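The structure under discussion appears below in the form of structure tokens.
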Protein chains: 2
Amino acid sequence: MKNRLKVLRAERNWTQMDLARALDVSRQTVNAIETGKFDPSLPLAFKAARVFGLAIEQIFDDEQG
Amino acid sequence: MKNRLKVLRAERNWTQMDLARALDVSRQTVNAIETGKFDPSLPLAFKAARVFGLAIEQIFDDEQG
DNA sequence: CTCTCATGTCAAGTACGCTTTACTTTTAAC
DNA sequence: GTTAAAAGTAAAGCGTACTTGACATGAGAG
């Protein structure tokens with residue numbers, strides 16, 4: 001599962017820590033998701049969508065799973 | 001996390017088993033998600049969206065998590 | 001060069017997503 | 001009221017999402 005978190009962060013000049021606080025998760029969780037170590041839970045994906053004002057599909061790419 | 005799986009199934013006259021096969025998970029998993037025991041993973045939510053031809057947000061409702 | 005901040009990564013622990021097997025309850029047909 | 005399919009539920013087990021704490025690297029500022 002690919003995602004655009006790093007780009008969306010960069011557009012806003014946010015650190016991983018900033019995003020972690022916005023999503024209410026740890027910095028390591030943001031890092032792990034950005035670097036593809038694991039997929040976020042559905043509730044966390046919804047939170048990210050809310051934070052960035054986008055649809056889940058506009059942030060995460062299931063690349064035919 | 002609420003969802004419209006039961007309704008979408010009913011519209012198609014699908015059993016939980018039918019949906020389970022379409023999603024490639026067990027019938028118990030479909031049942032547990034429908035009855036709110038737990039949320040699907042993000043990849044499974046994407047699969048459901050593909051199966052029903054809808055956006056994730058049109059199937060699952062995060063009710064302000 | 002040193003200090004700091006952002007990022008990456010590892011380890012151990014907790015909780016949840018999903019499995020299989022199996023049993024009970026509901027629904028509908030006859 | 002018996003039968004059968006559909007739905008609900010439970011327990012044990014495995015993998016993963018996420019945590020805290022810690023340490024290593026790279027880049028920019030002084």
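This is a predicted model, so every value here is computed, not measured. Chain naming here is simple, since letters A, B, ... match the order of the sequence lines and numbering starts at 1 in each.
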Using atom [atom1] of [X] as one end and atom [atom2] of [N] as the other, report the distance to the nearest whole Å.
X: A/L19; N: D/dC18; atom1: CG; atom2: P; value: 12 Å
X: B/E34; N: C/dT26; atom1: CD; atom2: C1'; value: 15 Å
X: A/R9; N: C/dC5; atom1: CZ; atom2: P; value: 17 Å
X: A/F38; N: C/dG17; atom1: CZ; atom2: P; value: 14 Å
X: A/D39; N: C/dC18; atom1: CG; atom2: P; value: 11 Å
X: A/L42; N: C/dA15; atom1: CG; atom2: P; value: 21 Å
X: A/M1; N: D/dT16; atom1: CE; atom2: P; value: 14 Å
X: B/N13; N: C/dA28; atom1: CG; atom2: P; value: 12 Å

Residues A/K2, A/D62: salt bridge by 4.0 Å N-O rule
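Answer for the salt bridge query: no.
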
Does any donor-acceptor pair link the side chain of B/Q28 with the base of C/dT21 at a separation under 3.5 Å?
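Such a pair exists between side chain and base.
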
Taking atom types as they are modelled, is there a donor-acceptor pair under 3.5 Å from the base of D/dA7 to the side chain of B/R27?
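Checked by distance alone, the answer is yes.
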
Can you tell me if A/Q58 uses its side chain to pair, donor with acceptor, with the backbone of A/A55 under 3.5 Å?
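Side chain of A/Q58 to backbone of A/A55, a donor-acceptor pair under 3.5 Å: yes, one is there.
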
Measure from the side-chain N and O atoms of A/N31 to the backbone N and O of A/Q28, and report whether any donor-acceptor pair falls under 3.5 Å.
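Checked: no pair found.
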
Quick one: on DNA chain D, does B/Q16 or A/P40 contact a more 5' nucleotide (nearest heavy atom)?
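Looking at DNA chain D, the more 5' nearest nucleotide goes with B/Q16.
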
[X] side-chain N/O to [N] phosphate OP1/OP2 under 4.0 Å:
X: B/N31; N: D/dA7; result: no
X: A/S41; N: C/dC16; result: no
X: B/K6; N: D/dG8; result: yes
X: B/T29; N: C/dT19; result: yes

At 4.0 Å (heavy atoms only), tell me whether A/S26 reaches a base, stays on the sugar-phosphate, or touches nothing.
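Base, at least one base atom sits under 4.0 Å.
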
Please name the pair of heavy atoms, one in B/I33 and one in B/N3, separated by the smallest distance, quoted to 0.1 Å.
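Looking at all heavy atoms of both residues, the shortest contact is O-ND2, 3.1 Å.
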
With a 4.5 Å limit on heavy-atom distance, are the side chains of A/L8 and A/L54 in contact?
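Contact flag for A/L8/A/L54 side chains = yes.
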
Given D/dC18, C/dG8, C/dC18, identify the nucleotide with an atom nearest to the side chain of B/V25.
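Per side-chain heavy atoms of B/V25, the pick is C/dC18.
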
